[in-house]
Engineer: 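First the structure, which I've put down as structure tokens, then a few questions once you've had a look.
Chain letters run A, B, ... following the sequence lines, proteins first and then strands; every chain starts at 1.
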Amino acid sequence: MNDAFGRPQTALVLGGTSDIAVATLRRLAPTLERLVLAGRDIGALERVGSDVAACGDIAVETLEFDAAAPEHHAEVIESAAAFLGDIDLVLVAFGQLGAAFSLDTDPVDAAHIVAVNHGGAVSASLAAARRLAEQGHGTLVLVSSIAAFRGRIRNLPYASAKAGIDSFARGLDDALCGTGARAMVVRPGFVHTKMTAGHQTMPLAVDADTVAAAIIDGLARRRTVVWTPRMIGPLATILRSLPAPLWRRLSAR
Amino acid sequence: MTARGRTTLRGWGNTTPSTARVAHLTSPTGPSDQLAAAGPRGSIARGLGRSYGDAAQNAGGVVLDMVATDGSLDLDTATGALTADGGVSVDEILRRVVPQGWILPVLPGTSHVTVGGAIACDVHGKNHHRVGSIGSHLASIDLVIPSGDTVTIGPNRDAHLFWATVGGMGLTGIISSATIDLRAIRSSRLRATTVRTSGLAATMDVLEQGDQRHEHSVAWVDLQQVSALGRGVVTFGDHAPPGDSDIAPGRRPPIVPRMPVSAIRPSTVGLFNELWWRRAPDRPRTRLTGISRFFHPLDGLAGWPRLYGPNGFVQWQMVVPDSAAPLVGAIAARLAAGEAPVALAVLKRFGPGNPAPLSFPIAGWTLAVDLPAGAASTAVLLDELDELVSGVGGRIYLAKDARLRRSLVARMYPRLGELDTIRAAIDPTRRMQSDLERRLLRSD
């Protein structure tokens with residue numbers, strides 16, 4: 001069960017090796033009792049698992065999960081529930097940036113990035129949400145991005161997928177209203193992680209632990225939307241209303 | 001809020017929502033049918049929803065609404081034995097028995113609790129140092145055990161099941177009725193003495209001295225004003241000699257509206273505490289007062305948890321043995337230094353506990369504080385205070401809790417295993433479940 005500060009006893013992480021997920025789990029360790037890490041690289045998941053287990057008294061299991069294979073997502077949720085019992089928290093943390101986008105990008109590659117990020121999040125979240133509604137409680141956390149509000153050309157498939165995730169997460173929270181479960185969307189700015197390593201940084205960049213702290217705060221305050229850092233919220237509004245020629249100049253850098 | 005025939009329920013602190021199918025009990029055979037038909041997530045009884053956390057919630061299962069506005073109440077005016085349905089409220093009982101010269105032996109801080117809820121939480125009152133908690137005043141309980149059978153239990157009749165039910169958080173079954181030994185009174189008034197104190201040591205001194213002379217005692221303490229930490233207003237009370245014996249007709253209390261943000265902030269709490277402390281007489285003063293004013297002052301402001309806004313609040317109530325009295329000051333200082341304002345703090349001394357394995361009171365000092373939820377740092381602070389409390393043999397009151405960690409429960413309640421043993425015997429298929437039970441008491 002989640003406690004009065006939204007702290008879970010059981011959690012399922014989809015994309016269990018993501019830096020944001022690992023940082024969040026370290027902060028959740030005091031109340032966490034059972035954890036399922038799901039992802040593609042079982043070896044890496046096991047390393048994360050032993051790292052997190054050392055932060056508390058936590059039983060960890062790993063599961064194979066491929067965001068690009070939505071036909072297996074319901075099974076993954078069932079397998080996780082078999083180990084966890086009630087699932088208090090589901091963190092949808094996987095994401096793939098893809099190669100730099102241009103007009104020359106293979107359309108199939110672009111569609112694949114959207115399918116993994118957006119399609120995968122939709123099917124996995126829906127399967128998880130159904131489970132949370134059935135058990136009558138629980139929190140689903142989805143990771144969006146400032147890129148959802150105005151994407152740079154080089155990240156366009158990723159940015160458009162994040163816009164889709166953001167929209168889906170807000171609507172899913174509405175759909176969950178009255179079930180006891182809820183959804184929260186986290187909108188980080190530029191985060192220094194292994195996914196963004198080697199990429200041009202942006203103003204107000206944060207590290208994964210700052211995002212994790214914002215997630216913990218959002219759980220405690222039962223937020224629907226969490227901006228991190230907080231200043232990125234007003235910034236997104238400004239970016240969205242910038243005239244196109246100015247945006248092109250800024251984002252090309 | 002309903003979806004798929006389910007209702008979202010919360011505790012009094014408005015923090016841990018979950019949904020369940022709410023079933024109303026319409027016939028006397030109702031409970032046993034309901035228990036059998038509940039399904040894999042079981043049932044729990046719910047009274048007036050005054051448990052602060054998730055004790056009377058059962059996510060995905062069944063919650064039995066026990067509140068009975070026309071429940072049966074039978075007073076033996078010769079002996080003072082009152083037999084009441086589990087869903088009858090303390091408020092209704094007082095309205096009935098006080099004009100006849102009787103009062104419940106133990107009155108919790110609100111009159112809006114049911115008999116079943118009061119027993120399941122083994123509630124205490126301002127007179128715990130003299131008479132103990134409600135469990136010590138029961139002649140018998142009619143309990144619908146999970147199999148659906150009704151058994152009559154008491155301190156001399158199936159004592160193990162009786163004491164597991166007292167303070168058992170509803171997990172041994174449904175309390176359909178109970179017989180309580182009332183206390184005779186000669187007036188509906190109390191002589192209340194108010195003493196203002198300048199700091200925590202003085203507050204504790206005054207309480208300790210006064211407990212020997214007075215039946216009821218409690219202290220409001222200020223944990224916001226750091227320069228006079230623990231200054232307080234101590235109230236003592238004794239039932240008055242014969243005189244005016246009418247219970248004052250209850251005025252409809254003002255209602256706090258739903259608020260978009262919390263009104264409980266360091267500034268507002270500081271201002272309130274300053275005014276409340278100054279309003280108290282600077283020299284001890286004794287006055288006649290009424291029962292509800294003395295015992296249930298917060299009932300005078302309906303829906304007061306709404307003051308905390310949408311994030312709600314937590315109440316942290318601990319008890320530590322007398323030997324750990326200095327810890328009260330250390331804890332007060334930690335709370336005062338925390339991010340969240342201590343909106344309400346109440347200090348009192350307990351007398352000895354009773355044989356119930358999950359009963360909260362033990363002889364010593366109990367401190368209850370209300371804190372706004374929402375700040376993650378408050379969760380961390382309370383976790384640390386839990387460690388201090390359990391380290392000296394103290395404990396946290398489960399009826400108030402919404403955030404204790406499971407690993408500490410067995411340390412705080414070392415006789416928890418006795419409840420497990422009884423549940424395994426009378427409830428092998430786990431027909432009684434609750435959110436609190438899943439969060440804290442289930443061991444697999």
Side-chain angles (χ1 to χ4, degrees), chain A residues 1-10 24 26-34 56-59 81 83-89 129-139 173-182 209-210 212-224 226 228, chain B residues 1-11 13-21 40-41 52-54 57-61 63 262 309-316 371-380 382-384 400-407 434-440 442 444:
Chain A
M1 302 299 302
N2 289 303
D3 75 2
F5 294 90
R7 302 186 299 174
Q9 294 174 310
T10 64
T24 305
R26 282 204 190 104
R27 285 178 174 265
L28 290 174
T31 60
L32 210 53
E33 297 171 358
R34 290 183 222 204
D57 186 10
I58 307 168
F83 178 72
L84 297 173
D86 282 14
I87 310 176
D88 300 341
L89 176 76
R130 202 174 289 153
R131 168 81 202 185
L132 301 190
E134 187 57 37
Q135 69 189 21
H137 70 100
T139 313
D173 184 56
D174 293 333
L176 284 170
C177 185
T179 66
R182 70 185 197 92
D209 190 53
T210 306
I215 291 174
I216 302 302
D217 184 75
L219 292 174
R221 293 181 200 280
R222 301 184 59 76
R223 294 250 196 260
T224 308
V226 171
T228 172
Chain B
M1 193 69 71
T2 61
R4 302 176 183 188
R6 289 184 180 176
T7 306
T8 300
L9 298 171
R10 296 159 187 263
N14 204 15
T15 50
T16 51
S18 71
T19 68
R21 186 165 65 79
R41 294 180 75 91
Y52 285 66
D54 49 7
Q57 295 171 211
N58 185 19
V63 170
S262 176
N311 284 330
F313 73 105
V314 291
Q315 181 170 106
W316 183 79
L371 301 162
S377 66
T378 305
V380 176
L382 294 180
D383 282 352
E384 291 168 7
K400 307 289 182 71
D401 180 64
R403 32 85 24 217
L404 186 60
R405 285 166 302 156
R406 194 197 312 261
S407 56
S434 72
D435 286 358
L436 181 135
E437 181 253 353
R438 278 186 204 97
R439 182 168 61 84
L440 293 180
R442 196 176 289 185
D444 57 284

Engineer: Could you grab the distance from atom CG of A/Asp3 to atom CG of B/Leu382, nearest 0.5 Å is fine?
Structural biologist: 10.0 Å
Engineer: Checking A/Arg7 against chain B: side chain, backbone, both or neither under 4.5 Å from a heavy atom?
Structural biologist: side chain
Engineer: Once side-chain contact (heavy atoms from CB on, under 4.5 Å) is applied, do any residues pair with B/Glu437, and if so which ones, sequence neighbours excluded?
Structural biologist: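 side-chain contact (heavy atoms from CB on, under 4.5 Å) check on B/Glu437 returns B/Leu171, B/Arg423, B/Arg430, B/Gln433, B/Ser434, B/Leu441, B/Arg442.
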Engineer: Mind listing the closest non-hydrogen atom pair of A/Ala4 and B/Val314 along with its distance?
Structural biologist: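 The answer is CB-CG1, 3.5 Å.
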Engineer: Give, as side chain, backbone, both or neither, the part of A/Asp88 having an atom under 4.5 angstrom from any heavy atom of chain B.
Structural biologist: neither
Engineer: Assess the residue pair A/Asp57 and B/Arg406 against the criterion (side chain to side chain contact (heavy atoms under 4.5 Å, CB included)); give the C-alpha distance rounded to whole Å, side-chain angles, the decisive distance to 0.1 Å, and a yes or no.
Structural biologist: CA-CA 11 Å; A/Asp57 186 10; B/Arg406 194 197 312 261; over 6 Å; no
Engineer: Please state whether the side chain, the backbone, both or neither of B/Ala373 comes within less than 4.5 Å of a heavy atom of chain A.
Structural biologist: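 For B/Ala373, heavy atoms of backbone and side chain both lie under 4.5 Å from chain A.
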Engineer: Search all heavy atoms of A/Ile216 against all heavy atoms of B/Ala376 and return the closest pair with its distance.
Structural biologist: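 Minimum heavy-atom separation between A/Ile216 and B/Ala376: CG2-CB, 3.9 Å.
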Engineer: Once rounded to the nearest 0.5 Å, what's the spacing between atom CD of A/Gln9 and atom CG of B/Leu440?
Structural biologist: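 Reported value, rounded in 0.5 Å steps: 7.0 Å.
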Engineer: With sequence neighbours left out, write down each residue that passes ring-ring contact (aromatic ring centres under 6.0 Å, His included) with A/Phe5, or none if nothing qualifies.
Structural biologist: none
Engineer: Search all heavy atoms of B/Thr16 against all heavy atoms of A/Asn2 and return the closest pair with its distance.
Structural biologist: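 Shortest heavy-atom contact: CG2-O, 3.9 Å.
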Engineer: With a 4.5 angstrom heavy-atom cut-off, is it the side chain or the backbone of B/Ser407 that approaches chain A, or both, or neither?
Structural biologist: neither
Engineer: Between B/Ala375, B/Ala379, B/Gly312, which shows the greatest number of heavy-atom pairs under 4.5 Å with chain A?
Structural biologist: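 With the most close heavy-atom pairs to chain A, the winner is B/Ala379.
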Engineer: Could you tell me which non-hydrogen atom of A/Gly180 sits nearest to which non-hydrogen atom of B/Thr19, and how far apart they are?
Structural biologist: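 Of all heavy-atom pairs spanning A/Gly180 and B/Thr19, the closest is N-CG2, 3.0 Å.
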Engineer: State, to 0.1 Å, how close A/Met1 and B/Ala59 come at their nearest heavy-atom pair, and which atoms those are.
Structural biologist: CE-CB, 4.4 Å
Engineer: So what's closer than 4.5 Å to chain B heavy atoms on A/Gln135: side chain, backbone, both or neither?
Structural biologist: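 Contact with chain B is through both the backbone and side chain of A/Gln135.
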Engineer: Shorter than 4.5 Å, heavy atoms on both sides: which option in A/Leu219, A/Asp86, A/Asp217 has the most such pairs with chain B?
Structural biologist: A/Asp86
Engineer: Which pair of non-hydrogen atoms, one from A/Arg222 and one from B/Asn311, has the smallest distance, and what is that distance?
Structural biologist: N-OD1, 4.4 Å
Engineer: So for B/Arg438, is it side chain, backbone, both, or neither that comes closer than 4.5 Å to the heavy atoms of chain A?
Structural biologist: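 Both parts, heavy atoms under 4.5 Å.
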Engineer: Could you walk me through whether A/Glu134 and B/Arg6 satisfy the salt bridge (Lys or Arg N to Asp or Glu O under 4.0 Å) test, starting with their C-alpha distance in whole Å, then the side-chain angles of each, then the deciding distance to 0.1 Å, before giving a yes or no?
Structural biologist: CA-CA 10 Å; A/Glu134 187 57 37; B/Arg6 289 184 180 176; 3.8 Å; yes
Engineer: Tell me, side chain or backbone of B/Asp383 under 4.5 Å from chain A's heavy atoms, or both, or neither?
Structural biologist: side chain
